[in-house]
Amino acid sequence: MSQDQNTAETAGQTPEDENRLIAERRGKLNSLRELGEAYPNGFRVNTTAGALQKRFADDDAEALEGVDESFAVAGRMMAKRVMGKLAFVRLQDRDGDIQLMVQRDQLPEGVFAAFKTWDVGDIIGGSGAITRTNKGELSVRLSELHLLSKSLRPLPEKWHGLTDTEQRYRQRYVDLIVNDDSREVFRKRSQIITFIRQFMEAPGREFLEVETPMMHPIPGGAAARPFVTHHNALDLEMYLRVAPELYLKRLIVGGLGRVYEINRNFRNEGISTRHNPEFTMLEFYWAFANYNDLMDLTEEMLRGLALTVTGETVVHYQGVDLDFGQPFARLSVEQAVRDHNPDLADADLWNVDVLRGICAERSIHTEQSWGAGRLLMEVFDATVEDKLVAPVFITQFPTEVSPLSRRNDDNPEVTDRFELYIAGREIANGFSELNDPEDQAERFRNQVSARDAGDQEAMYFDDDYIRALEYGMPPTAGEGIGIDRLVMLLTDSASIRDVLLFPYMRPEHS
RNA sequence: GGGGGUAUAGCUCAGUCGGUAGAGCAUCGGACUUUUAAUCCGCUGGUCCUAGGUUCGAAUCCUAGUGCCCCCA
């Protein structure tokens, strides 16, 4: 919509076609330049809006008269109401809002006249005494006021704010200026990640935060198509990581015992309300633990998170109540498929022909090379996944689709693996790790065969990972938790784009 | 990949049957020392997403394309 303006400005042209509102503000900026420094950086604050609101919440006007302090605040002017020689300003800073009381006769000569030319959106700073107006609004009564940074572009309308989703995502800075809800989502996101770090490192758990490579010579650790890039000096194809798993387990071989990483993964797949090409995962590995320990820890973490972020253990998501206070159900893949497909007999669950028939009925794409395990998961995805609303651990995934997981002691066709589903979405994936190097090598070979047969999501053979396992990896359990989807749940956000500061968008200019 | 929705002033949105492009807020000019979406008076502001087509005439109808949103695969 404003493409012409943007191209004109980036090209450094005279903005002849720039809209009048911007042209007027640019004229004011030119006047400021003539008067001296238009972008001063000398003003210093000694408090914030939020701190003032908190400190003086219970003080009336009389009590405030006894406060013999000068408060310096700075931020964006969000509203400006001028009444002759008096004006009120709503100042927004990093942690809240505070009203400024601007009186001509309390300010140095000429300041009030200049102030009258300033615009909503400008960054200003001022200082003065704290007071409460006749209507009871806590205010800083200014004895000093400066324009710190001129805003050339008008803000969205004050009452409706910015609702256009495209502009909210493309110009997140505008969204953050005008939409309190948006700011709140990203504060909570930060709170969630802080909580997780503290939880993982708390006494008794003592996981060590580590950083492993984002660029891999061999992509591994997940069934996903990678982004490819190129290292010039080495003349080498590199892949943005789809998962940190194989590196983190090398650290377990190295004896670090308990490690975690919170960082981005990249998957070259479709984009939707639940998928962004880059997304954030918590991934952790725990020596001398198994997948049951992981499920217990996950429950405890999510319960604590809900309580910390929302203040209660029941999470309200898109009109549904999700109880994080109760133990989560645990249910095998087989059981879950049977529950949602009552026509199926037990024997059918591992019958390739029956499963293929079900897929055909539902026009689910299958490959001739797929075994019962893969087909069973296709049926699970189609008939079960989106019905798993209350938190539930789905366990015992087929070995065929779990090339890095330890086989179950009683049934080698399934693994000691689980996925946590909440609100019909996969939130976490964890398992007892496969630490038998010979079994792992065999699984890699099967993956390579699948890749050769055309499965672009199949894994590569990672020689060094096998070499690491051959040194001996302790019995270990490991898990990945999708942070973005977790933030969606805890902030009641319908789209992953609402919890990413800068979600992926097509480039603006063609 | 398929389907549906949407695109009009800086923002939020109207726009009838195809007949000169509208409102609120913001801006601009004026009044105002207690406002809270301040109020009052006055004036402005448009590539109706893009390109074609139909028509005497298109924001409106048709075709194609593009961005965004949603659903499905």
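Throughout, a chain's letter reflects where its sequence line sits, starting with A, and its residues are numbered from 1.
- Pairing for B/U39 is with B/A31, a Watson-Crick or G-U wobble pair whose two hydrogen-bonding atom distances lie under 3.5 Å.
- Residues from residues 485-499 of chain A with heavy atoms under 4.0 angstrom of RNA chain B, sorted by number: A/Ser495, A/Arg497.
- With a 3.5 Å ceiling on both atom-pair distances, the Watson-Crick or G-U wobble partner of B/U50 is B/A64.
- For A/Tyr460, the ring pair (Phe, Tyr, Trp, His ring centres under 6.0 Å) test picks out no residue, with sequence neighbours left out.
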Can you pull every protein N or O that's under 3.5 Å from an N or O on nucleotides 42-44 of chain B?
| unit_1 | atom_1 | unit_2 | atom_2 | d |
| --- | --- | --- | --- | --- |
| B/U44 | O2 | A/Arg20 | NH2 | 2.8 |

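- For residues 59-87 of chain A, the set of pairs meeting the salt bridge (Lys or Arg N to Asp or Glu O under 4.0 Å) definition, not counting sequence neighbours, comprises A/Arg55-A/Glu69.
- Residue A/Arg170 places its side chain closer to B/G67 than to any other of B/G10, B/C71, B/G67.
- Applying the side-chain hydrogen bond (donor to acceptor under 3.5 Å, both in side chains) rule to pairs touching residues 378-392 of chain A yields A/Asn341-A/Thr383, sequence neighbours excluded.
- Partners of A/Trp118 by ring pair (Phe, Tyr, Trp, His ring centres under 6.0 Å), not counting sequence neighbours, listed by chain and number: A/Phe115.
- If you check residues 78-91 of chain A against RNA chain B, the residues with a heavy atom closer than 4.0 Å are A/Arg81, A/Val82, A/Met83, A/Gly84, A/Lys85, A/Leu86, A/Phe88, listed by number.
- With a cut-off of 3.5 Å on both pairing distances, the Watson-Crick or G-U wobble partner of B/C25 is B/G10.
- Contacts classified as salt bridge (Lys or Arg N to Asp or Glu O under 4.0 Å) and involving residues 102-120 of chain A (residues at least two apart or in different chains) are given here: A/Arg25-A/Asp119, A/Lys28-A/Asp119, A/Asp119-A/Lys150.
- For A/Arg94, the side chain to side chain contact (heavy atoms under 4.5 Å, CB included) partners are A/Thr48, not counting sequence neighbours.
- The separation of B/G4 from B/C43, taken at their P atoms, amounts to 47 Å, rounded to a whole angstrom.
- With the nearest nucleotide of RNA chain B identified for both A/Thr133 and A/Leu162, A/Leu162 has the one nearer the 5' end.
- A/Arg25 has no side-chain polar atom (N or O) that falls below the 4.0 Å cut-off from OP1 or OP2 of B/U27.
- Between A/Ser272 and the phosphate of B/C71, there is no side-chain N or O to OP1/OP2 separation shorter than 4.0 Å.
- A side-chain hydrogen bond (donor to acceptor under 3.5 Å, both in side chains) check over residues 36-45 of chain A, counting only residues at least two apart or in different chains, returns the pairs A/Asn41-A/Arg44.
- Checking B/G67, B/U27, B/A26 against the side-chain heavy atoms of A/Lys28 singles out B/U27 as nearest.
- Scanning residues 363-386 of chain A for heavy-atom distances under 4.0 Å to RNA chain B yields an empty list.
- Phosphate contact (OP1/OP2 of B/U12, side-chain N/O of A/Thr163, threshold under 4.0 Å): present.
- A heavy atom closer than 4.0 Å to some atom of RNA chain B occurs in A/Met101, A/Gln103, A/Asp105, these being the qualifying members of residues 100-109 of chain A.
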